[in-house]
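Data block below; observations after.
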Number of protein chains: 2
Amino acid sequence: MESSDDFGWSRSERGGGMAATDEAANGLRAMIAKGELAPGQQLPAEPELCARLGVSRGSLREAVRSLAALGMLESRHGAGTFVSALRPGQMLAGFAATVDVLPLDGLLELFDVRRPLEAQAAALAAARADERVVARLREVQKRLARSEDEAERHALDREFHSTLCEASGNEALAALADVLRARGSHYSIYGAPEADTIRLASDLGHEALINAVAARDPAAAAAAATAHLSQTEVWLRRYAPLPDDGALPDVAPLPDDAPPPGGDPLPDGGPAR
Amino acid sequence: MESSDDFGWSRSERGGGMAATDEAANGLRAMIAKGELAPGQQLPAEPELCARLGVSRGSLREAVRSLAALGMLESRHGAGTFVSALRPGQMLAGFAATVDVLPLDGLLELFDVRRPLEAQAAALAAARADERVVARLREVQKRLARSEDEAERHALDREFHSTLCEASGNEALAALADVLRARGSHYSIYGAPEADTIRLASDLGHEALINAVAARDPAAAAAAATAHLSQTEVWLRRYAPLPDDGALPDVAPLPDDAPPPGGDPLPDGGPAR
DNA sequence: CCAGCCGAAGTCATCAGATGACTCCATGCT
DNA sequence: AGCATGGAGTCATCTGATGACTTCGGCTGG
C-alpha cells in the first residue's frame, strides 16, 4: 500500500545508519534553513510529515520536540506546529533552562562571559541611546534606591540591566546577557555584613552607568559596566555559598517497589576514570 | 476512557494543567539540579522512570529527547541514558545547530556579540598563556600564511582563533565563541578585489595577537582581537552577499549525511574542577 | 443586521503493546 | 591468557487507538 508513496525514496531508505529521529530532525532543519518553511509558518500535519520524512509518528514527534527545545519550532495543542520567529532570544530560551543545572565550577566561568557582554551592551546603548531610555533607567534606579524589600530590589536590579541591554538595540546580545544574569540572581548577597556598603556601591555603579549613557559616551559606559559587574562578582564569590534552590518542582516519590533513588542501579563506579 | 486509569493518582494528576511531557522534563531537570542524578550518571531504565514520573513511555522519551537536544542528557542505544558532563560546551552544541538557520538580519547582530567575547578570550589568554600556546599559535599562523588553498585557509583561521579562545582557560567562553564563529565561516570573502590586501591585513592581525599574548599583555591582546574582528566584519559586510548554503542536507533524496555529533560517546574526561 | 452559541473538522497529546537493534558482561572454550 | 559466544538489559522504532484542544463556519435569536 504505502498510500501515495510515489516518492522514489525507497531507495534512499535510511542513509548510512542514520537514526530515524535524527533523520527527521535534520530534514526539518533543512526545510527551515532552505526557506521552504518560513518563520511563523505552519508545518504540514504530522501524518504528512511522517510520509515525507519516512519515519513513524513517534519518531517525528521526538524530532519536533528536540527542535522545539532549541527554539526553532513551537507546537500548539489543537492548532498545529509552527516555525518560530527565529529570533535570537527564542533560541536562547531553552539554553536558559540549562543554565539552572550547571554545576558551580562551570558557573563561575560565566562571569567572564557576562561581563564583556554587558559592557558591550552598555557601549552600544550609550552610542544609540535616546531620551526615553535614559528616563526609564533613572526611574528604575530611583525606585531601586528607595526600595527596602530584598526581593523587589533583586527584580529592579534585573530590570535595570535588562533595560540597558535592550537599549543596545542588539536582541541577541540582550537575550544572552539575560540568560547569564538569570542564574546569578538566585543568589542573595544582602545577608553580608557589609550589606549597606554593597548597596551603596551598587547604586553608585548604576548612577555612573546612567550618566555615561546620558553623556553618549560608549567608552565610559563600557568601563562603568565592567567595574560594576566586577564588583558584584567579588561580592558574590565571597557571600554566596548556595542559591535558594527552590525553583524546580519535586518529583513524585514513586508509589511502591523499585529501589529508592538513593541507590542508583548503576554498576559503574561513578565519577569514573 | 483513559483505559484502566482507576489509580488514585487522579488527585496529583498533572500539577496545574501541566502536560505530561513537560511534567516529565521538569521532573528530570529537577532530579539533575537537585544532585539526585550526578553528571555522567546513568538514569534508571525507561519503564522505571515512567512509573516514577507518572507518564507513558512515549511522553518520557519526548522529554528525554528535548533535554538531550539541550545537552543535558545523552542516550546511547543499547547502553542507557546518561546525564551529560554538564560542561558549557555541551550545552551550547545544540545551540550551534540553530545558528545555522538564523535569518541574515539576526545574524549580523552576532558580530557585536562575538567581538567582545573574542577580545575577552584574548585578554585572558594573554594573562595566562604559557609557551606552548604561543608556539602553537605561531605554528598555525605560519601554515596559514603559507597556504594558498582557500578552504585550508578557512580551516586554519578557525583553528587559530579557536586555539586562542581555548587558551583563555574558560570553556564556556571558548565554546560560545566557536558557535558564533561557525556561521561566519560559511562566507567567502576571497573573491573580493582587494583579496591580497585583506589577506595581508588578516595575517598582520594574527601576528599582533600572537605578540600581545607572548608579551603577556591582556590589554594589547584585547585591542588586537577587537581590531582584527572589526576589520573582518567590515569586509564580510561588503563582500559576502550570500553564504554557500550547502551545509544542510536535502530533505527528499538524502542518501547520506555527515555524522552530526562527530564522535563523542560521552567522554567526561574528568571532573576537571 | 449583528452578536453569540454551537457543533464539526482538523490537529496535537497521550497512552498501550510489540518487535528489532545494540551494548555490555560473564561464561566457557581453546 | 585470549577469544568466541550467549544471555540479559536497554534503547529505537513502528503501529493503532483515543482524548483534548483550537479553529472556523453556520445557525439561531435578538
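Bear in mind the structure is a predicted one, so any value in this text is a computation, not a measurement. Heavy atoms only: backbone and side chains are in, while hydrogens, waters and symmetry mates are out. Lettering follows sequence order; numbering is per chain, from 1.
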Exceeds 12 heavy-atom contacts within 6.0 angstrom, atom CZ of B:R136 | no

Side-chain N,O (A:R61) to OP1/OP2 (C:dC12) below 4.0 Å = no

Can B:T81 and B:S75 be counted as having a side-chain donor-acceptor contact under 3.5 angstrom?
-> yes

N/O (side chain, A:S59) to phosphate O (OP1/OP2, D:dA12) under 4.0 Å = no

Whole angstrom value for the distance that separates P of C:dC12 from CG of B:D22 = 16 Å

Is the closest basic N to carboxylate O distance between B:R52 and B:E36 below 4.0 Å?
-> yes

Which pair of heavy atoms, one from B:E23 and one from B:L53, lies closest together, and at what distance?
-> CG-O, 4.5 Å

Please state how far atom CD in A:E62 lies from atom P in C:dT14, giving the value in whole angstrom units.
-> 13 Å

Whole-Å distance separating the CG atom of A:L49 from the P atom of C:dT11 | 11 Å

Selection from C:dT11, D:dC14, C:dT14 that lies nearest to any side-chain heavy atom of A:S56 | D:dC14

Nearest to the side chain of B:E46, which nucleotide is it out of D:dA12, D:dT13, C:dA13?
-> D:dA12

Atom-pair distance (CD on B:Q42; P on D:dT10), nearest Å | 7 Å

For D:dC14, does OP1 or OP2 lie under 4.0 Å from any side-chain N or O of B:R57?
-> no

Between D:dT13 atom P and A:L60 atom CG, what is the distance in whole Å?
-> 12 Å

May I ask you to list the residues of residues 73-85 of chain A, by number, that have any heavy atom positioned under 4.0 Å from an atom of DNA chain D?
-> A:H77, A:G78, A:A79

Between B:L92 and B:L176, which heavy-atom pair has the shortest distance, and what is it?
-> CD1-N, 3.6 Å

Of A:E46, A:E62, A:E48, which meets salt bridge (Lys or Arg N to Asp or Glu O under 4.0 Å) against A:R57?
-> A:E46

Establish, with yes or no, whether the OP1 or OP2 oxygen of C:dT14 is under 4.0 angstrom from a side-chain nitrogen or oxygen of B:T21.
-> yes

A:R181 bridged to A:E118 by N-O distance under 4.0 Å = yes

Length of the CG-P vector between B:L43 and D:dC11, whole Å = 8 Å

